[in-house]
Amino acid sequence: QVQLVESGGGLVQAGGSLRLSCAASGRSFSSYSVGWFRQEVGKDHSFVAAISDSGERKDYATSVKGRFTISRDNAKNTVYLQMSSLKPEDTAVYLCAATTIGYSNTNIYAAKYDYWGRGTQVTVSS
C-alpha cells in the first residue's frame, strides 16, 4: 500500500505559479503511476495530468497543456505538478492518486486509481 500527502497549494493571483507536491510513503513507489485530479465544490474529479512509474510517459488535460508540468523523483518518493500562467478557473482542490495498474490512456480516469491523498486547495484570484 501507499499513502499520499499533497502540499504546495495556496492563494495566487492570475498569471502566477505554484508547485504542488505529492509525497508517498510505503514501499516500491517507483512501481506506481500517479495522476493529479482536481475537484470543484459539488463536482466530480476532473483529470489534470498523469505520469507513468518511470516518468517516461505523461498525459495532460487539454485545459492545462502547455501551462502545467508533471514530474517525479522516485528517489524522494514524490511527484510534482508545476503550474504556471494560472487562471481563476484553475481554482479547485487538487488531489494526487496512485495505481500499480500499467500505464495507458486510461490513466485519465479517476476509477483506475486505488490510492488517494486528501488534497490541497488552490485558489487563483482575478
Side-chain angles (χ1 to χ4, degrees):
Q1 289 193 352
V2 65
Q3 294 178 331
L4 305 172
V5 178
E6 303 92 339
S7 62
L11 173 64
V12 63
Q13 288 188 334
S17 299
L18 283 173
R19 188 178 79 158
L20 305 184
S21 298
C22 172
S25 61
R27 299 185 300 175
S28 303
F29 179 64
S30 59
S31 300
Y32 292 81
S33 59
V34 175
W36 281 99
F37 291 79
R38 61 191 182 188
Q39 187 172 28
E40 299 173 65
V41 175
K43 296 185 179 181
D44 291 334
H45 295 130
S46 62
F47 171 72
V48 176
I51 189 166
S52 63
D53 53 2
S54 66
E56 291 183 355
R57 293 185 59 180
K58 303 175 184 180
D59 287 288
Y60 297 93
T62 301
S63 61
V64 308
K65 198 172 293 184
R67 299 189 298 123
F68 291 11
T69 302
I70 190 170
S71 62
R72 68 189 297 159
D73 184 341
N74 284 339
K76 296 183 177 179
N77 281 5
T78 302
V79 171
Y80 304 99
L81 185 69
Q82 178 68 48
M83 308 187 295
S84 302
S85 302
L86 283 161
K87 305 175 181 180
E89 51 264 43
D90 293 319
T91 295
V93 174
Y94 283 71
L95 306 99
C96 65
T99 180
T100 56
I101 302 172
Y103 195 90
S104 72
N105 57 9
T106 61
N107 274 75
I108 66 172
Y109 299 113
K112 183 168 182 177
Y113 295 86
D114 303 306
Y115 305 100
W116 289 81
R118 293 190 174 186
T120 185
Q121 176 71 46
V122 171
T123 303
V124 184
S125 63
S126 57

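Nearest approach of Lys65 to Tyr60, heavy atoms of both residues: CE-O, 3.8 Å. Between Asn107 and Ser33, the shortest heavy-atom contact is ND2-OG, 3.1 Å. For the residue pair Val2 and Ala98, the shortest heavy atom distance occurs at CG1-CB, 4.2 Å. Minimum heavy-atom separation, Ser126 to Pro88: CB-CG, 3.9 Å.
One finds the OG atom of Ser46 at 11.5 Å from the CD1 atom of Ile108 (value rounded to the nearest 0.5 Å). For the atom pair NZ of Lys87 and OG of Ser85, the computed distance is 8.0 Å after rounding to the nearest 0.5 Å. In this structure, Ser125 OG and Gln13 CD are separated by 5.0 Å, a value rounded to the nearest 0.5 Å. Atom NE2 of residue His45 and atom CD of residue Glu40 lie 12.0 Å apart, to the nearest 0.5 angstrom. The distance from atom CZ of Arg19 to atom OG of Ser7, rounded to the nearest 0.5 Å, is 9.0 Å. Note that CZ of Arg57 is 7.5 Å distant from CG of Asn105, once rounded to the nearest 0.5 Å.
In this structure, Leu4 is a member of the same hydrophobic cluster as Val34, with clusters built from ILVMFWY side-chain heavy atoms closer than 4.5 Å. A chain of hydrophobic side-chain contacts below 4.5 Å, direct or via other Ile, Leu, Val, Met, Phe, Trp or Tyr residues, connects Tyr109 to Leu95. If you chain together hydrophobic residues whose side chains sit under 4.5 Å apart, Ile51 and Phe29 fall into the same group. Cluster annotation: Trp36 and Val12 are assigned to the same hydrophobic cluster (Ile/Leu/Val/Met/Phe/Trp/Tyr, side-chain heavy-atom contacts under 4.5 Å, transitive).
Residues Leu20 and Glu6 fail the side-chain proximity criterion, which asks for heavy atoms closer than 4.5 Å. Looking only at side-chain heavy atoms (C-beta outward), Ser21 and Lys76 stay at 4.5 Å or farther from each other. Residues Asp90 and Met83 fail the side-chain proximity criterion, which asks for heavy atoms closer than 4.5 Å. Looking at heavy atoms from C-beta onward, Tyr32 lies in side-chain contact with Thr100 at the 4.5 angstrom threshold.
A distance-only check finds no donor-acceptor pair linking the side chain of Thr78 to the backbone of Ala23 [under 3.5 Å]. In this structure a side-chain-to-backbone donor-acceptor pair under 3.5 Å is missing from Lys112 to Thr99. In this structure a side-chain-to-backbone donor-acceptor pair under 3.5 Å is present from Thr91 to Val124.
Of the residues listed (Val64, Leu18, Ile70), the one engaging Leu81 in a side chain to side chain contact (heavy atoms under 4.5 Å, CB included) is Ile70, and it is the only one.
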**Request:** Determine, step by step, whether Leu86 and Phe68 satisfy the side chain to side chain contact (heavy atoms under 4.5 Å, CB included) criterion, reporting the C-alpha distance in whole Å, the side-chain angles of both residues, the deciding distance to 0.1 Å, and the verdict.
**Result:** CA-CA 9 Å; Leu86 283 161; Phe68 291 11; 3.8 Å; yes

**side chain to side chain contact (heavy atoms under 4.5 Å, CB included) assessment of Asp73 paired with Tyr80** = CA-CA 8 Å; Asp73 184 341; Tyr80 304 99; 4.1 Å; yes

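The ring-ring contact (aromatic ring centres under 6.0 Å, His included) check on Phe37 picks up Phe47, Tyr113, Trp116, with sequence neighbours excluded. Scored by the side chain to side chain donor-acceptor pair (under 3.5 Å) test, Asn74 finds Arg72 as partners (sequence neighbours excluded).
Counting non-hydrogen atoms of other residues, nucleotides and ligands closer than 6.0 Å to CD of Glu89 gives a total above 12.
Between the side chains of Tyr103 and Asp59, at least one donor N or O sits under 3.5 Å from an acceptor N or O.
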